[in-house]
Amino acid sequence: MPTLAHYLLVSGLLFSLGLAGVLLRRNILIIFMGLELMLNAANLSLVAFSRFNLLPNGLPNYNAQVLVFFIITVAAAEVAVGLAIIVALFRAKQTTHVEDLNTLKF
Amino acid sequence: MIDPVFLEVSVVVLGIFLLMAEAFGLAKEKSTLAWWAIGGLAAVFIGTFFIGPNSNSFEVSGFYVVDGLSLFFKRFVLISTILVLVMSVDYLPIVQRLVPAERPGAGSGEFFILPVFTCAGLMWMVSATDFIMIFCALELVTISFYIQVAYLRRSMSSLEAGTKYLILGALSTGFLVYGITWFFGATGQTNLVAIREVLPLIPVANHPAILFGLALVLVALGFKIAAVPFQFWVPDVYQGAPTPVTAYLAVASKAAGFLVLIRVLEPFFTVPSFQNKLFLALVLLALLTLVFGNLAAIPQTNFKRLLGYSSIAHAGYLLMGLAAIGDAFAGGAVVFYLSGYLLMTFLAFLILVPVTKASGGDDIAHFNGLARRSPGLALAMLIAAASLAGVPFTVGFFGKFFIFEAAMNQGLYLLVLAGIVTVASGFYYYFKVIRAMYWQPAPEDAGPVAITKTSSVAIFILAMLILILGVYPQLLIGMLP
């Protein structure tokens, strides 16, 4: 039977993997995947907290589960806008690597 | 009497109406959309003065609060959006040149409509008292800003700024939601009022979880207000984004970020075991932000980038006010500073737009000889730069003065010392602009700078307000919540 600690461990791993992807990878699409992974790590632990810390009346606190739906929706909106920007960048520059983003330097 | 919820709803309805008007070709000239938006927002602004005292049905749910502070910032946000739209009308030729379009003028209408949606998000943000609401409002603002920053699709720097803002903004969102998760895990609440009530009852064993969540949320909000060490997106994004969007980011987004920061931190200042750690973190952030923002601004040659670093520096003074929050007037000082910051930053950007159009760029060198070409504009820029630096008889001086006073009363002598030293370095880099305008010769073929009538009216009003409030700060203090 998995406990709260197991879920939190997996969610922490997901968050660290996402963060490592953002910091270490050089392809913008992969970086974007890492960002989505970080949001999903939060979703997992929100649902786990909600299910394991029951209210006095024995029901889970649904506030957290509602927040999960909002996070999923917002993440979808963010992907829609983000991919459009990345496509526009690719059209203009023929690259999706962060090293090639060097127009803005003083 | 108006129910306060209608304010945001009518802003969203206005945005949807403008989108439809654009899609069905109701507006022949694209700038008509901007005038409609300005008219609608002005009507909502007037509506904020007719809020019923207890007509708030949302308040019961705990998601949404209408107090003096949130009303003041709703007006603040509405005024900044109107100024952004005024600036955008002036900026329209550059947008139309840099957006790929099948027909002349196509694809530039949304440039006036997106700020309206951002405005609604910002208005919700300043009223939010629940993490769910804070998250949704913040994302409405951030996602619409992604589009606005990357709007000029033929300009490499705008696209690049948009990509950088996208990645770092999404990163801060990731930190924010993971932080909220840990708050929820440790307290069982997403509501800030409820968190405030249960916080003293939390067993000490759960304190590390709350501190972890607090640190993550602080990182995320540090991104929004451009505090060091989370400032690295600021110079690039400010330089690359279209100028009106830069002004919007610098003023409204930062102000709303500060208000959310105040609301999130408030419960933790009441519990002694968190108070000390939080206080230390704020002092450290303020110190780093002050020193970095001011020193890194010194070698800049691009005016927008300079204002980017200057906005980091201003965040440092504001954080200093936040660290001194124990003082009775510290909250008022922060709000006063933000109001003064709105006036002087918008003034500088309103002048930058026509100068960019006339001289083809936004480097400090493009201001050369402006005093001979357009003495009025140069004088207004002189007032803006003096106020940003904090010269007496401008509103910027009193902003800094009140914050330093509050910090002195709280015994933050180190911060005040850093503040005074960095103000001196501020004088140097703002003076570079003044030197370019008054001492450098103008290019051979340069005539006077063309400027639209609305922009010049806005510039005149802002410059006068800076001077009047610099002599009679009581006028503004009387209006503070």
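Fair warning: this is a prediction, and the values are worked out from it, not measured in the lab. Note on naming: letters A, B, ... go to the chains in the order of the sequence lines (proteins, then strands), and numbering restarts at 1 for each one.
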**Student:** So, taking the atom named CG in A:Leu44 and the one named OG1 in B:Thr181, what distance separates them when rounded to the nearest 0.5 Å?
**Tutor:**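 A:Leu44 CG to B:Thr181 OG1: 9.5 Å, rounded to 0.5 Å.
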
**Student:** What's the spacing between B:Lys164 NZ and A:Ile85 CD1 if we round to 0.5 Å?
**Tutor:**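 With rounding to 0.5 Å, NZ (B:Lys164) is 14.0 Å from CD1 (A:Ile85).
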
**Student:** With a 4.5 Å limit on heavy-atom distance, are the side chains of B:Glu160 and A:Lys93 in contact?
**Tutor:**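 A side-chain contact exists here, since the closest heavy-atom pair is under 4.5 Å.
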
**Student:** Do A:Ser45 and B:Tyr178 have a side chain donor and acceptor closer than 3.5 Å?
**Tutor:**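 Side-chain D/A pair, A:Ser45 to B:Tyr178: absent.
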
**Student:** Any side-chain heavy atom of B:Thr173 sitting closer than 4.5 Å to one from A:Ile71?
**Tutor:**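 The answer is no; the side chains never approach within 4.5 Å.
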
**Student:** Could you look at B:Ala150 and say if it's the side chain, the backbone, both or neither that has a heavy atom under 4.5 Å from chain A?
**Tutor:**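 Side chain only.
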
**Student:** Does OH in A:Tyr7 sit with more than 12 non-hydrogen atoms of other residues, nucleotides or ligands closer than 6.0 Å?
**Tutor:**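 Not more than 12 within 6.0 Å, no.
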
**Student:** Need one label for A:Asn53: side chain, backbone, both or neither, based on atoms under 4.5 Å from any heavy atom in chain B.
**Tutor:**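 Only the side chain of A:Asn53 comes within 4.5 Å of chain B.
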
**Student:** Find the one option among A:Ala84, A:Ser11, A:Ala77 whose heavy-atom pairs under 4.5 Å with chain B are most numerous.
**Tutor:**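 Looking at each of A:Ala84, A:Ser11, A:Ala77 in turn, A:Ser11 comes out on top.
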
**Student:** What are the two closest non-hydrogen atoms of B:Arg153 and A:Ala88, and how far apart are they?
**Tutor:**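 Looking at all heavy atoms of both residues, the shortest contact is CD-CB, 4.1 Å.
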
**Student:** Quick one: what part of A:Phe32 sits under 4.5 Å from any heavy atom of chain B, side chain, backbone, both or neither?
**Tutor:**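 For A:Phe32, the side chain is the part near chain B, not the backbone.
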
**Student:** Between A:Thr73 and chain B, which part of the residue has a heavy atom less than 4.5 Å away: side chain, backbone, both or neither?
**Tutor:**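 When you check distances to chain B, no heavy atom of A:Thr73 falls under 4.5 Å.
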
**Student:** Need one label for A:Val22: side chain, backbone, both or neither, based on atoms under 4.5 Å from any heavy atom in chain B.
**Tutor:**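 Contact with chain B involves the side chain of A:Val22 alone.
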
**Student:** Any idea which of A:Asp100, A:Ile31, A:Asn63, A:Leu37 has the most non-hydrogen atom pairs under 4.5 angstrom with chain B?
**Tutor:**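 Heavy-atom pair counts peak at A:Asn63.
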
**Student:** What option among B:Leu171, B:Thr190, B:Leu176, B:Ile180 has the most heavy-atom pairs under 4.5 Å with chain A?
**Tutor:**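 Most heavy-atom pairs under 4.5 Å with chain A: B:Leu171.
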
**Student:** Tell me whether A:Asn61 contacts the main-chain N or O of B:Gly188 through its side chain, where contact means a donor paired with an acceptor under 3.5 Å.
**Tutor:**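 Side chain of A:Asn61 to backbone of B:Gly188, a donor-acceptor pair under 3.5 Å: yes, one is there.
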
**Student:** Please check if the number of heavy atoms outside A:Arg91 that lie under 6.0 Å from its CZ is greater than 12.
**Tutor:**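 Result for CZ/A:Arg91: open.
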
**Student:** Do A:Phe49 and B:Phe183 have side chains that approach each other closer than 4.5 Å (heavy atoms only, starting at C-beta)?
**Tutor:**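 Of all side-chain heavy-atom pairs linking B:Phe183 with A:Phe49, none is under 4.5 Å.
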
**Student:** Can you tell me how far the CG atom of A:Leu89 sits from the CG atom of B:Leu166, to the nearest 0.5 Å?
**Tutor:**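 Between atom CG of A:Leu89 and atom CG of B:Leu166 there are 10.5 Å.
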
**Student:** Do you know which two heavy atoms are closest between A:Leu39 and B:Gly174, and how far apart they sit?
**Tutor:**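 Nearest heavy atoms, A:Leu39 then B:Gly174: CD2-CA, 3.9 Å.
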
**Student:** Look at A:Asn40, A:Leu46, A:Ile86 and state which one has the largest set of heavy-atom pairs under 4.5 Å with chain B.
**Tutor:**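 Counting heavy-atom pairs under 4.5 Å, the top option is A:Leu46.
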
**Student:** What residue in B:Pro100, B:Ala170, B:Gly240 has the most heavy-atom pairs under 4.5 Å with chain A?
**Tutor:**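 Most heavy-atom pairs within the cutoff with chain A belong to B:Ala170.
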
**Student:** Does B:Phe232, at its CZ atom, have more than 12 non-hydrogen atoms belonging to other residues, nucleotides or ligands within less than 6.0 Å?
**Tutor:**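 It does: B:Phe232 CZ has more than 12 such atoms within range.
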
**Student:** Between chain B and each of A:Phe52, A:Phe70, A:Phe15, count heavy-atom pairs under 4.5 Å; write down the option with the most.
**Tutor:**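 Top count of heavy-atom pairs under 4.5 Å with chain B: A:Phe15.
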
**Student:** Mind checking whether A:Glu78 and B:Tyr146 have side chains closer than 4.5 Å, heavy atoms only?
**Tutor:**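 Touching, per the 4.5 Å side-chain cut-off.
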
